[in-house]
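The structure appears below as structure tokens.
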2 protein chains.
Amino acid sequence: MDDTEKQPVHKRGYGVSTVYETLRNEIIELKLAPGSPVDEQQLSDRFALSRTPIREALVRLAAEGLITTLTNRTTIVSNIDFLGLGEFFDALTLMYRVTTRLAAANHQASDIGGIRALQLQFQTAVEARDVLGMIATNRDFHVAIAEAGRNRYYTDLFTRLLDQGRRILRLYYSSFNDVLPRQYVGEHEDMIQAIINRDIDGADKLAAAHADQIVSQIRSYITADNRQTARLPL
Amino acid sequence: MDDTEKQPVHKRGYGVSTVYETLRNEIIELKLAPGSPVDEQQLSDRFALSRTPIREALVRLAAEGLITTLTNRTTIVSNIDFLGLGEFFDALTLMYRVTTRLAAANHQASDIGGIRALQLQFQTAVEARDVLGMIATNRDFHVAIAEAGRNRYYTDLFTRLLDQGRRILRLYYSSFNDVLPRQYVGEHEDMIQAIINRDIDGADKLAAAHADQIVSQIRSYITADNRQTARLPL
DNA sequence: TGCCGACTTCGTGTCGACAATAAAAATACA
DNA sequence: TGTATTTTTATTGTCGACACGAAGTCGGCA
């Protein structure tokens, strides 16, 4: 029945995309630890592909900053840059605001359905206390809003930032309580309503508040984490 | 004296970067026409490199959207997306504002020298009526300001947008008059002053006005161009 | 004469192998 | 015994060649 062994499941031009997307997910979901080495031969075996397409996928990942290649030496999964978190939060907040504003201004009626569906998924994840699901669907929800805003440049940057954020959130997902997520559900509802009403400034304010929530949440996780290390006996 | 023939001038890991940067420049400077095909074998001959490193450079360019690869078919220099110009201008304006704001907030004394130097270069180009030089140095000037703002995410996006803008401006550089450029020199001066004074809101306002200037300038070029085609006998 | 299908051609996607480089290991020496 | 130097080894960067896919070409058929 099945095509005999090693018959590549990918069609001709799609080997690289597969590798790219798979690795991308694994990096964002922290299945590949930051700083861990990425071996080309290993991947070549794993995907049953030559090193050439693997390499091209790695180049793409490097262009997005997800991996770091030390020339002529090993290439590693990029470390999470805790020192640059300030920049990250600043950009993330701005993109939250801009994309939500634009969604209120530019969305079409057909966009709302998709956004609502993702919000529902988020809600479901919250109720099931599925933290990983929450992180993923929250990201999808905001990407959908960004897409309704119809500005490719913002959507691209925002997506990258949100994915970067997923990586950070994963680090702390064990410490999630379930007060905040419920609050997020409400905030999401308000944002949807503002978008539908084409209330641009309202959407902006809600997005800004939402962003501040999330930023301070992540910040508190990090400082809590720091306290752990500070508690070490000396 | 010289190493005998075809000894690759690039050191081992730097072949791809060379190809990447060369092609990138040629695309931005419109030496490679939008829509024109990019042939790997041809480039392979030209750079005296195998197709593999060429390919990796192309993947990088594709990740930035400078080239478009039709899978299993030819790959072409990306077309200038006139329909998406609205999005482009929106993002460009926002980045002008944000980077200038941040420069006023975060710059260090040592940043000012570099910015001043680039402003001087721009001024020189304006006085010499060197339009291509103006376009290039203007870009460098604003990138320097963005770097002084110290937010990698903004700097990256802004750089990409400015380079995209260079491509568009090149299309119309013949129609430059020299009233506007002189005005830009003045606006640049004001921006520098606002940055030095750490006048964040002032810097923001100046940047917004500057962006509006440039956007409406480009817009007028485009509509003028459209009028040309509209004038065709039917 | 106009349309459909096999054939040819050109360029990409993929492969396995080789060369170079830098880290690690092994050796020599003080 | 510790340090400097050579050798080994592992992994990347590059190469030339082959295979597949899509256009364009040519010929057959209605």
Side-chain angles (χ1 to χ4, degrees), chain A residues 3-24 27 32-33 35-79, chain B residues 3-24 27 32-78:
Chain A
D3 319 331
T4 46
E5 29 184 309
K6 292 243 174 179
Q7 210 63 349
V9 232
H10 329 285
K11 271 198 177 159
R12 188 170 164 78
Y14 295 87
V16 276
S17 337
T18 311
V19 176
Y20 167 77
E21 282 160 21
T22 307
L23 289 183
R24 179 189 154 78
I27 292 172
L32 270 61
S36 64
V38 177
D39 187 39
E40 294 177 6
Q41 304 215 61
Q42 213 167 300
L43 293 173
S44 175
D45 295 344
R46 175 176 162 201
F47 288 97
L49 280 170
S50 156
R51 267 180 56 227
T52 312
I54 303 285
R55 225 138 186 296
E56 291 183 6
L58 293 184
V59 170
R60 256 173 92 178
L61 289 169
E64 278 188 59
L66 290 174
I67 63 174
T68 309
T69 65
L70 295 311
T71 352
N72 272 324
R73 230 168 312 166
T74 184
T75 111
I76 59 171
V77 178
S78 293
N79 284 304
Chain B
D3 318 332
T4 46
E5 25 185 313
K6 291 243 175 181
Q7 209 63 353
V9 235
H10 330 287
K11 270 199 176 159
R12 188 169 163 78
Y14 295 87
V16 277
S17 336
T18 311
V19 176
Y20 167 76
E21 282 161 21
T22 306
L23 290 183
R24 179 189 155 78
I27 292 172
L32 270 62
S36 64
V38 178
D39 187 39
E40 295 177 6
Q41 307 211 65
Q42 212 167 300
L43 293 173
S44 176
D45 293 345
R46 176 176 161 201
F47 288 97
L49 281 170
S50 156
R51 268 180 56 227
T52 312
I54 303 285
R55 226 141 186 293
E56 292 183 6
L58 293 184
V59 170
R60 257 172 91 179
L61 289 169
E64 278 187 58
L66 290 173
I67 64 174
T68 309
T69 66
L70 296 310
T71 346
N72 271 326
R73 232 169 310 163
T74 183
T75 112
I76 60 171
V77 177
S78 292

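Naming convention: chains lettered A, B, ... in sequence-line order (proteins, then strands); numbering from 1 in each chain. These values consider heavy atoms only, across backbone and side chains, with no hydrogens, waters or symmetry-generated copies.
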Any side-chain heavy-atom pair of A:V38 and A:L58 under 4.5 Å: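 A:V38 reaches A:L58 side chain to side chain.
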
Nearest whole angstrom, please: distance from the [atom2] of [N] to the [atom1] of [X].
{"X": "A:Q42", "N": "D:dT11", "atom1": "CD", "atom2": "C1'", "result": "12 Å"}
{"X": "A:L70", "N": "C:dA20", "atom1": "CG", "atom2": "P", "result": "22 Å"}
{"X": "A:E56", "N": "C:dT12", "atom1": "CD", "atom2": "P", "result": "12 Å"}
{"X": "A:Y14", "N": "D:dC20", "atom1": "OH", "atom2": "P", "result": "18 Å"}
{"X": "B:F47", "N": "D:dT14", "atom1": "CZ", "atom2": "P", "result": "13 Å"}
{"X": "B:R73", "N": "C:dT12", "atom1": "CZ", "atom2": "P", "result": "12 Å"}
{"X": "A:I76", "N": "D:dT11", "atom1": "CD1", "atom2": "C1'", "result": "15 Å"}

Sole candidate of B:V77, B:I27, B:I76 that passes side chain to side chain contact (heavy atoms under 4.5 Å, CB included) when paired with B:S36: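 Filter result, single survivor: B:V77.
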
Tell me which nucleotide among [options] gets nearest to the side chain of [X].
{"X": "B:V16", "options": "C:dT12, C:dT14, D:dT14", "value": "D:dT14"}
{"X": "B:R12", "options": "D:dT12, D:dT14, C:dA23", "value": "D:dT12"}
{"X": "B:N72", "options": "D:dA17, C:dC15, D:dA22", "value": "D:dA22"}
{"X": "A:Q41", "options": "D:dA23, D:dT11, C:dT12", "value": "D:dT11"}

Pairwise distance CD1(A:I67) to OG1(A:T75) - rounded to 0.5 angstrom: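 So the CD1 of A:I67 and the OG1 of A:T75 are separated by 4.5 Å.
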
Does A:R51 or B:E40 map to a spot on DNA chain C nearer the 5' end, using the closest nucleotide for each?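 Its nearest nucleotide lies further toward 5', so the answer is B:E40.
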
If you take all heavy atoms of B:E40 and B:I54, which pair is closest and at what distance?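 Residues B:E40 and B:I54, closest heavy atoms: O-CG2, 4.3 Å.
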
Quick one: label A:V38 by what it contacts on the DNA or RNA (base, sugar-phosphate, nothing), any heavy atom closer than 4.0 Å.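 Contact class for A:V38: sugar-phosphate only.
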
